[in-house]
Engineer: 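Submitted below is the structure of interest, expressed as structure tokens.
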Amino acid sequence: MILAYRLLLGLGFGILVADQVTKAWVRATIPFDTYIGYDSIEIIPGYFYFVHVGNWGAAWGQFEGFGWLFSILAVLAIFAIGYFRKHLELHRPWIQVIFGLICGGIIGNLIDRVWQGFVTDFILNVIPIIGYHWPVYNIADSAIVIGVTLYAIESIRADFQDRKKKPQGSTKS
């Protein structure tokens, strides 16, 4: 049975390793609570930096202090994906890729929450022309956002195809 989900497991593991290795590198290289400044690493001057901050909340630091709740939700999400695998059509390779991204990201951030009590974030994008700093994020966050976006697109595409196949005069929903 495990072999049937090798794409999901392989990509999920790859995301998890990349996330944890980059976070370990950031923790070893950049002092904690570094934003743009002396200790940050400028990748593209004025636009892209590596910094080192902790996120005690959810996306964009919202709901700070509820890390324990997000840890519980992460575990529940992983179990729900496994339990509803047939409904989610995890036998399809493309869906396995999508959920590999999502699961790898969820587990990567869960490890941080359990181990440190917060998530290590380090990627900072800036749009200098309007003075906007995108909230700091990490590889796990990126994988989750990409996976959820792809799943939404896939769901809309599948729904559109189902509607095209339905006979014109049908009133059944």
Engineer: Nearest 0.5 angstrom please: Asp121 CG to His52 NE2, how far?
Structural biologist: 9.0 Å
Engineer: I'd like to know if Phe13 and Leu7 are part of one continuous hydrophobic network [Ile/Leu/Val/Met/Phe/Trp/Tyr, side-chain heavy atoms within less than 4.5 Å].
Structural biologist: no
Engineer: Do Asn138 and Asn109 meet the criterion of a side-chain donor-acceptor pair at a distance under 3.5 Å?
Structural biologist: yes
Engineer: Identify the two heavy atoms, one from Thr120 and one from Arg27, that lie closest to each other, and give their separation to 0.1 Å.
Structural biologist: OG1-NH1, 3.1 Å
Engineer: To check you understand the geometry: which heavy-atom pair defines the closest contact between Ile144 and Ile102, and what is its length?
Structural biologist: CG1-O, 3.9 Å
Engineer: Considering all heavy atoms of both residues, which atom of Phe32 and which atom of Val53 are nearest to each other, and what is their separation?
Structural biologist: CE1-C, 3.9 Å
Engineer: Nearest 0.5 angstrom please: Ser71 OG to Ile111 CD1, how far?
Structural biologist: 11.0 Å
Engineer: Do the side chains of Val97 and Ile153 join up, straight or via other hydrophobic residues, at under 4.5 Å, putting them in one cluster?
Structural biologist: no
Engineer: Between Tyr35 and Tyr49, is the ring centroid distance below 6.0 Å?
Structural biologist: no
Engineer: So which atom in Ser40 and which in Val51 form the shortest heavy-atom distance, rounded to 0.1 Å?
Structural biologist: CB-CG1, 3.9 Å
Engineer: What's the separation between atom NE2 in His91 and atom CZ in Arg85, rounded to the nearest 0.5 Å?
Structural biologist: 12.5 Å
Engineer: Please tell me if the side chains of Gln20 and Ile139 come closer than 4.5 Å, counting only heavy atoms from C-beta onward.
Structural biologist: no
Engineer: For Ile78 and Leu110: C-alpha separation, side-chain torsions, deciding distance, then whether side chain to side chain contact (heavy atoms under 4.5 Å, CB included) applies.
Structural biologist: CA-CA 11 Å; Ile78 294 298; Leu110 176 62; 5.9 Å; no
Engineer: Using only atom types and a distance under 3.5 Å, with no angle test, would you say the side chain of Arg163 pairs donor to acceptor with the backbone of Phe160?
Structural biologist: no
Engineer: Give, for atom CG of Asn55 and atom CD of Glu64, the distance between the pair rounded to the nearest 0.5 Å.
Structural biologist: 8.0 Å
Engineer: Does Asn125 use its side chain to pair, donor to acceptor, with the backbone of Trp134 at less than 3.5 Å?
Structural biologist: no
Engineer: How long is the span from the CD1 atom in Ile146 to the CG atom in Leu150, to the nearest 0.5 Å?
Structural biologist: 7.5 Å
Engineer: Flag yes if Phe84 and Leu9 sit in one hydrophobic cluster, no otherwise; membership is Ile, Leu, Val, Met, Phe, Trp, Tyr, and two members link when side-chain heavy atoms are under 4.5 Å apart.
Structural biologist: yes
Engineer: Could you check whether the rings of Trp56 and Phe118 sit parallel, tilted or perpendicular, using 30° and 60° as the cut-offs?
Structural biologist: tilted
Engineer: Side chains of Asp141 and Ile123, heavy atoms from C-beta outward: is any pair under 4.5 Å?
Structural biologist: no
Engineer: Is the backbone N or O of Ala158 less than 3.5 Å from a side-chain atom of Glu154, with the two atoms forming a donor-acceptor pair by type?
Structural biologist: no
Engineer: What's the shortest heavy-atom distance between Gly108 and Asp19, and which atoms?
Structural biologist: CA-OD2, 3.4 Å
Engineer: To the nearest 0.5 angstrom, please state how far the CD1 atom of Ile106 sits from the CG atom of Leu101.
Structural biologist: 11.0 Å
Engineer: Report yes or no: does Gln96 contribute a side-chain atom to a donor-acceptor pair with the main-chain N or O of Leu90 at less than 3.5 Å?
Structural biologist: yes
Engineer: What is the minimum heavy-atom distance between Phe99 and Ile81, and which atoms define it?
Structural biologist: CD2-CD1, 3.8 Å
